[in-house]
Each structure stands twice: as structure tokens, then as C-alpha cells.
Number of protein chains: 2
Amino acid sequence: MDPDVISGAMCMAEGGTGGPGGESLLFLTDEQLRKGIEAMFFAYRGFTADPDRILAAHGYGRAHHRAVHFINRAPGTTVNNLLNILGVTKQSLNRVLRALIEDGLVESRVGAQDKRQRNLFLTETGAALERELSDAQRVRMRAAYRSAGPEAVAGFRTVLEAMMDTDLHHHFKALKEAGS
Amino acid sequence: MDPDVISGAMCMAEGGTGGPGGESLLFLTDEQLRKGIEAMFFAYRGFTADPDRILAAHGYGRAHHRAVHFINRAPGTTVNNLLNILGVTKQSLNRVLRALIEDGLVESRVGAQDKRQRNLFLTETGAALERELSDAQRVRMRAAYRSAGPEAVAGFRTVLEAMMDTDLHHHFKALKEAGS
DNA sequence: TTGGAATGTCAACAAGGCTGACATAAAATG
DNA sequence: CATTTTATGTCAGCCTTGTTGACATTCCAA
């Protein structure tokens with residue numbers, strides 16, 4: 001038995017992006033798709049490796065990174081906002097936020113209009129950690145971008161956006177435009 | 001304070017891929033890099049969403065998926081091989097493998113030459129689960145590829161490979177060529 | 001024969017998901 | 001004004017999946 005053979009849905013012709021240049025056929029063999037899947041797996045490991053090391057040194061985990069990232073991204077965001085973006089339960093997020101607030105990395109201010117809401121901000125310390133984390137991640141990302149070249153970067157982003165869930169894509173687009 | 005502003009390492013000119021066409025400059029602003037980072041975050045969520053649902057229905061988790069995937073990928077692979085690829089401790093992997101073996105999805109045969117080693121294979125049931133998982137993942141990947149177009153796909157893969165750790169890249173390349 | 005490599009297993013622990021239940025304050029609605 | 005809904009926080013408990021440390025077994029190799 002050799003499950004690695006190109007089986008099942010064979011070649012899928014037709015490109016479809018409307019690009020007039022070059023190859024207009026996409027040969028999406030299972031083999032090629034599998035390579036993409038594995039590339040995604042390994043690349044994500046590389047993608048998180050540097051922040052993970054930094055976080056471990058500070059006694060935090062990936063969950064803290066995500067919270068810090070998006071609070072920096074959209075200062076003053078509410079807890080509910082963050083919950084929607086991160087896609088976890090409020091109990092999970094709260095555990096993380098509590099630690100960050102207690103450690104003085106995040107400040108939680110009662111909402112101006114709606115006093116039920118808490119607006120979240122990074123303190124100086126929090127911003128410093130965020131910088132440390134994103135600097136490390138940007139170094140790797142920049143290196144990857146530069147070695148791949150501008151066209152590859154555009155393609156990279158295009159495929160990633162197509163790979164998101166539509167609802168996530170919605171959050172992503174919202175983030176791309178405004179902040180909070 | 002507005003940490004969202006394009007600060008720090010500003011524009012990095014110079015492209016460098018040697019492509020004679022179009023834009024030869026890569027403007028890697030922190031802003032653009034951050035978009036790439038967030039795209040990676042959201043896309044990975046989409047990437048794992050379908051398998052996660054299937055796995056949950058079977059009472060398994062992502063760790064089982066990874067094991068099943070790479071055993072299918074390289075039938076007869078040894079435990080040590082798998083440990084190197086997956087990058088976890090043998091205790092973690094063993095827990096997962098034990099469950100899969102007990103449930104009859106994976107067969108562990110004593111090595112022919114070296115009897116210390118175990119060669120791992122999927123059973124029919126295991127192969128069926130693998131197919132279910134990779135079918136789901138391929139559907140999404142294929143959709144993303146098709147909507148992005150061939151050039152984007154090439155760029156996607158190029159950037160991902162550049163993003164891997166070099167040691168991971170080594171495993172990836174080994175997998176790309178031979179199977180065990 | 002002895003050392004080391006490959007494997008398996010036990011125990012304990014931590015991070016970070018989850019559910020369910022409950023409390024509080026404030027907004028919204030009747 | 002009374003009630004309901006919303007936003008948030010919190011407690012308790014469970015699961016998966018990672019970790020470390022210790023130890024046993026098997027078997028290749030020097």
C-alpha cells in the first residue's frame with residue numbers, strides 16, 4: 001500500500017484569477033496540496049518559535065502574546081472585542097488578562113459611555129514586551145519576505161486570506177482598516 | 001500614545017529576487033509585516049478548523065492528527081523519526097501513539113534489522129481517518145489555491161519555506177523527496 | 001562484557017483550552 | 001419604575017497536550 005501516490009481527485013485544471021500572464025492552469029494534485037499543508041505546519045512552528053522563547057523567559061505563553069498583540073493593535077478595545085477576535089471563551093481570556101493586569105502590563109479602564117465595558121490598554125511595561133515580541137517576529141518575517149521577493153509576498157498574503165474562515169476574515173478586514 | 005503608528009525600523013528598500021518585471025522594491029514597513037503576522041495567525045486557525053471538528057467527533061486532538069498524518073506520509077517510519085519531525089517529547093508522542101495503537105488505527109511492528117526500533121503503519125481504520133482529515137484539509141487548501149491563482153500559490157510556498165527554522169526545513173526537504 | 005541507543009512507561013505538573021454556574025453593574029426596554 | 005439583557009468577572013472542575021525526571025527493557029556495537 002502506498003497512500004502517498006497521487007490518488008483521488010486528480011489534476012484540477014483551470015486557474016481563474018484572470019491574470020493574463022504566464023501559466024493559466026493550476027495543477028492541484030493531492031501531492032501538491034499535501035506539500036502546502038506540510039509547509040503550513042512547519043512554517044507555523046517557525047513563526048511562533050521566537051516569541052515562544054521570549055514568552056517563556058517572562059513566564060508567559062502564547063495566549064498572553066495574542067492578548068498583548070491585539071491590545072496593542074487596537075488600544076482601548078473591549079473584552080468582548082478581544083473575545084471575538086481570539087475565538088476563546090471569556091474564562092480562558094480572563095485568566096490571561098488577569099495575569100497581565102496584575103503584573104502591570106495591561107490597564108483596564110471602565111468605559112466612558114458604557115460603564116459595563118472595560119477598555120484595555122498596554123502600560124509602558126506591556127508595550128515593551130509587545131515590542132520585544134513583535135520585533136523578534138518581524139525579524140523572521142522580514143527575512144522570509146526579503147528572500148522570497150515582492151511577488152512571493154503578495155501571493156503569500158493572497159493565499160492566507162483565502163484560507164481564513166469567512167468570519168475570521170471579517171475580523172481581519174476590520175482590523176486592517178480601523179483600530180478599535 | 002499610539003503604538004500602531006509605523007515606528008521603529010522604517011521602510012526597507014531593495015527587493016533582491018532578481019525578477020526583472022514590475023516592482024523591484026520591497027517596502028517592508030512594520031505595518032506590512034504586522035499584516036503578514038496577523039494573516040498567518042488567522043489563516044492557521046482556518047487551516048486547522050476543519051480537522052479539529054472531525055477529530056473532536058472521533059475523540060482525538062491535533063496531536064493525533066499530526067501523528068496519523070506523518071505515519072501515512074512515511075509508512076514504516078520509526079518513533080525517533082516521528083519525534084524529530086514533530087518536535088515533542090517521546091512521552092507526549094507515546095501517549096498519543098498508545099491511544100492510536102489501542103484503538104487499532106496504528107500498527108507498531110518490531111524493526112527488521114534493528115529490533116529496538118518500531119516501524120509504524122496505519123491500519124485500514126487509521127488510513128480511513130487520515131483520508132477523512134486530509135480530504136477536509138485539501139478542500140480548503142484547494143479552494144484557497146484556486147481563488148488565489150497559480151502565481152500566488154508559488155509565492156505562498158516560497159515565503160512559507162523561508163519562514164521555517166532551518167532544522168525544520170531540513171526535515172521538510174527530507175519529506176519532500178523520499179518517504180522514510 | 002559493557003556502554004549507549006531506542007523504546008516504553010510511570011508519576012507529577014503546567015498551560016490553556018473547555019463547560020457550567022453564579023454574581024454584579026449598567027444599559028435597554030417594557 | 002420594573003424587568004430583562006448585556007458586559008464582565010469569577011469559581012470549580014475537566015480535558016488535551018506539552019513538560020521533566022526516573023527507571024526498565026532490549027539490543028547493537030565496541
Side-chain angles (χ1 to χ4, degrees), chain A residues 41 44-45 48-49 51-69 71 76-103 106-121 180, chain B residues 41 44-45 48-49 51-71 76-103 106-120 180:
Chain A
F41 170 68
Y44 197 75
R45 285 249 300 267
T48 54
D52 281 354
R53 270 187 290 273
I54 295 168
L55 289 159
H58 288 260
Y60 293 121
R62 268 185 215 177
H64 303 85
H65 184 184
R66 295 194 278 264
V68 163
H69 174 96
I71 292 173
T77 189
T78 64
V79 173
N80 235 358
N81 245 327
L82 219 45
L83 283 178
N84 289 327
I85 291 170
L86 297 178
V88 297
T89 59
K90 65 173 178 175
Q91 292 92 332
S92 272
L93 176 59
N94 198 255
R95 187 198 292 139
V96 165
L97 278 183
R98 206 188 316 161
L100 291 173
I101 291 170
E102 278 172 8
D103 296 352
V106 167
E107 195 192 336
S108 165
R109 297 185 206 150
V110 172
Q113 310 111 345
D114 190 333
K115 290 175 191 166
R116 289 170 304 180
Q117 298 184 335
R118 301 303 139 94
N119 296 115
L120 304 169
F121 300 88
S180 173
Chain B
F41 169 69
Y44 197 75
R45 284 249 301 268
T48 54
D52 281 354
R53 272 188 289 273
I54 294 168
L55 289 159
H58 288 260
Y60 293 121
R62 266 185 217 178
H64 303 86
H65 184 186
R66 294 195 277 265
V68 163
H69 174 95
F70 284 108
I71 293 173
T77 189
T78 64
V79 172
N80 229 6
N81 244 328
L82 219 46
L83 284 178
N84 289 328
I85 291 170
L86 297 178
V88 297
T89 58
K90 65 175 177 173
Q91 292 90 332
S92 265
L93 176 58
N94 197 256
R95 188 197 290 136
V96 165
L97 279 182
R98 204 187 320 160
L100 291 172
I101 291 170
E102 277 171 10
D103 296 352
V106 167
E107 195 193 335
S108 166
R109 297 186 206 149
V110 172
Q113 309 111 344
D114 189 335
K115 291 174 190 166
R116 289 168 303 181
Q117 298 184 337
R118 302 301 138 98
N119 296 114
L120 303 169
S180 179

Closest contact, heavy atoms only, B:Ala67 versus B:Val96
CB-CG1, 4.1 Å
Need to verify one output field. Residue with the more 5' nearest nucleotide on DNA chain C, A:Lys115 or B:Ser108?
B:Ser108
Check this one for me: any side-chain N or O of B:Asn80 less than 4.0 Å away from OP1 or OP2 of C:dT7?
yes
Starting at atom NE2 of A:His65, determine the distance to atom C1' of C:dG16, rounded to an integer number of angstrom.
16 Å
To the nearest Å, how far apart are A:Tyr60 OH and D:dG18 C1'?
21 Å
Quick one: is C:dG16 close enough that its OP1 or OP2 comes under 4.0 Å of any side-chain N or O from A:Ser92?
no
So, for A:Glu107 and A:Arg109, which heavy atoms are closest and what is the spacing to 0.1 Å?
OE2-NE, 3.2 Å
Closest to side chain of A:Gln91, choosing from C:dT9, D:dG18, D:dC11:
D:dC11
Between C1' of C:dT7 and CZ of B:Arg109, the distance in whole Å:
18 Å
Want to settle it: does B:Gln113 or A:Leu83 sit nearer the 5' end of DNA chain D, counting the closest nucleotide to each?
A:Leu83
Let's see if you can work this out: which of C:dA26, C:dG8, C:dA21 has an atom nearest to the side-chain heavy atoms of B:Asn94?
C:dG8
Is there a side-chain contact (heavy atoms from CB on, under 4.5 Å) between B:Leu120 and B:Leu82? Walk through the geometry before answering.
CA-CA 9 Å; B:Leu120 303 169; B:Leu82 219 46; 3.7 Å; yes
For the side chain of A:Gln117, starting at C-beta, report the closest nucleotide among C:dG17, D:dG18, D:dT8.
D:dT8
I need the CG-C1' distance between A:Leu86 and C:dA15, as an integer number of Å.
16 Å
B:Arg98 side chain near C:dT9 phosphate (N/O to OP1/OP2, under 4.0 Å)
yes
Regarding A:Arg62, tell me which of base, sugar-phosphate or nothing describes its non-hydrogen contacts under 4.0 Å with the strands shown.
sugar-phosphate
Could you check if a side-chain atom of B:Val79 sits within less than 4.5 angstrom of a side-chain atom of B:Lys90, using non-hydrogen atoms only?
no
Under 4.0 Å, heavy atoms only, any strand: does A:Gly59 hit a base, just the sugar-phosphate, or nothing?
nothing
By nearest atom, which of the nucleotides D:dT5, C:dA12, C:dG8 is closest to the B:Val79 side chain?
C:dG8
From D:dT17, C:dG16, D:dC23, nucleotide with atom closest to A:Ala63 side chain:
C:dG16
Considering just the side-chain nitrogens and oxygens of A:Thr89, establish if one lies under 4.0 Å of OP1 or OP2 belonging to C:dG17.
no
Using the side-chain heavy atoms of B:His64, tell me which of these nucleotides is nearest: D:dT17, D:dT8, C:dG17.
D:dT17
Between A:Leu93 and B:Arg118, who's closer to the 5' end of DNA chain C by nearest nucleotide?
B:Arg118
Ignoring backbone atoms, establish whether B:Arg66 has a side-chain N or O less than 4.0 Å from OP1 or OP2 of D:dG18.
yes
What is the distance from CD of A:Glu102 to C1' of D:dG9, rounded to the nearest Å?
13 Å
B:Leu120 CG - C:dA6 P separation (whole Å)
15 Å
Does A:Arg116 contact D:dT6 through a side-chain donor or acceptor facing the base, at a distance under 3.5 Å?
yes
Within the side chain of B:Thr48, is there an N or O that forms a donor-acceptor pair under 3.5 Å with the backbone of B:Arg45?
yes
Expressed as a whole number of angstroms, how long is the span from B:Leu55:CG to D:dC15:C1'?
15 Å
Mind checking the CG-CD1 spacing from A:Asn81 to A:Ile71? Nearest 0.5 Å is all I need.
11.0 Å
Can you tell me whether the side chain of B:Arg95 and the base of D:dG18 have a donor-acceptor pair closer than 3.5 Å?
yes
Nearest-Å distance for atom pair CG/C1', residues A:Leu82 and D:dG9
15 Å
